[in-house]
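Scroll down for the structure; my scribbles are underneath it.
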Amino acid sequence: MMIHLAADTASTNPLLPSWPEFIIGTILFVLVFGALARFLLPRAMQTLAQRTEMIEGGLARSEEAQAEAKQLLDQYHQQLAEARHEAARLREEAREQGAQIIAEMRDQAQAEARRITEAAQAQIQAERQQALTALRTEVGTLATELASRIVGESLTDEARQSRMVDRFLDELEVAGQ
């Protein structure tokens with residue numbers, strides 16, 4: 001009968017298998033699928049799980065590395081900003097110190113100039129007094145000589161000579177004003 005069935009189905013449609021082939025194929029398919037599901041499928045699932053873990057771990061490490069890089073970049077920017085701020089502060093401090101040094105040097109130079117001017121004025125005053133004293137003595141001597149020649153007698157008395165010179169110089173000062 002099987003032969004008969006095979007002959008009937010084969011003659012009607014060449015694409016349809018005969019019933020015994022269909023049943024044997026179905027049984028073998030279920031056995032092969034069961035063996036694959038029992039042995040191969042767990043290994044494939046394990047491999048897929050391992051790959052998934054590896055990919056997720058790589059993504060996690062990548063995210064951690066990115067977070068760390070971002071943190072380092074932020075830290076670098078902060079340090080750079082601090083360095084710029086410090087440099088600006090140092091520049092300002094240097095300007096202030098320079099201005100202070102210039103002011104101190106100017107004050108020292110002015111003090112030195114005043115000291116030199118005062119010393120020069122004191123020296124001029126001393127030389128003036130010395131010249132006036134020398135001039136008084138010289139004028140007194142000349143006046144005494146002239147008076148002696150005019151009067152015809154010697155005026156060598158020191159006290160009289162001093163009084164006469166002082167009176168003569170006083171008269172000159174009054175006449176000069």
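It should be emphasised that the depicted structure is a prediction, and the values quoted were computed from it without experimental measurement. The basis for the numbers below is simple: all heavy atoms, side chains too, and nothing from hydrogens, waters or symmetry mates.
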Please name all residues satisfying side-chain contact (heavy atoms from CB on, under 4.5 Å) with [X], sequence neighbours left out, ordered by chain then number.
| X | value |
| --- | --- |
| Gln71 | none |
| Gln50 | Gln46 |
| Gln130 | none |
| Phe22 | Pro17, Trp19, Thr26 |

Go through the steps to decide whether Gln100 and Glu96 satisfy the test side chain to side chain contact (heavy atoms under 4.5 Å, CB included), and finish with yes or no. CA-CA 6 Å; Gln100 184 180 9; Glu96 290 173 2; over 6 Å; no
Side-chain cluster (under 4.5 Å, hydrophobic types only) that [X] belongs to, other residues:
| X | value |
| --- | --- |
| Val32 | Leu36, Leu40 |
| Leu59 | Ile55 |
| Ile102 | none |
| Met45 | Leu41, Leu48 |

Please report the interatomic distance [atom1]([X]) to [atom2]([Y]), rounded to the nearest 0.5 Å.
| X | Y | atom1 | atom2 | answer |
| --- | --- | --- | --- | --- |
| Gln97 | Glu104 | CD | CD | 10.0 Å |
| Arg61 | Glu64 | CZ | CD | 8.5 Å |
| Arg114 | Asp107 | CZ | CG | 8.0 Å |
| Ile101 | Gln108 | CD1 | CD | 10.5 Å |
| Thr137 | Leu132 | OG1 | CG | 10.5 Å |
| Met54 | Thr47 | CE | OG1 | 10.5 Å |

Does Leu72 reach the side chain of Gln75, with side-chain heavy atoms less than 4.5 Å apart? yes
Test: salt bridge (charged side-chain N to carboxylate O under 4.0 Å, His left out). Region: residues 74-88. Which pairs qualify, not counting sequence neighbours? Lys70-Asp74, Glu86-Arg89
Identify the two heavy atoms, one from Pro42 and one from Ala37, that lie closest to each other, and give their separation to 0.1 Å. CD-O, 3.4 Å
Can you tell me if CD on Gln129 sees more than 12 non-hydrogen neighbours from other groups inside 6.0 Å? yes
With sequence neighbours excluded, tell me which residues meet salt bridge (charged side-chain N to carboxylate O under 4.0 Å, His left out) with Arg115. Glu112
Holding to side-chain hydrogen bond (donor to acceptor under 3.5 Å, both in side chains), I want the full list of residues that pass it with Glu92, two or more places apart in sequence or in another chain. Arg95
Could I get the full list of side-chain hydrogen bond (donor to acceptor under 3.5 Å, both in side chains) partners for Gln123, not counting sequence neighbours? Glu127
So does Gly58 get a backbone contact from the side chain of Ser62, meaning a donor-acceptor N/O pair under 3.5 Å? no
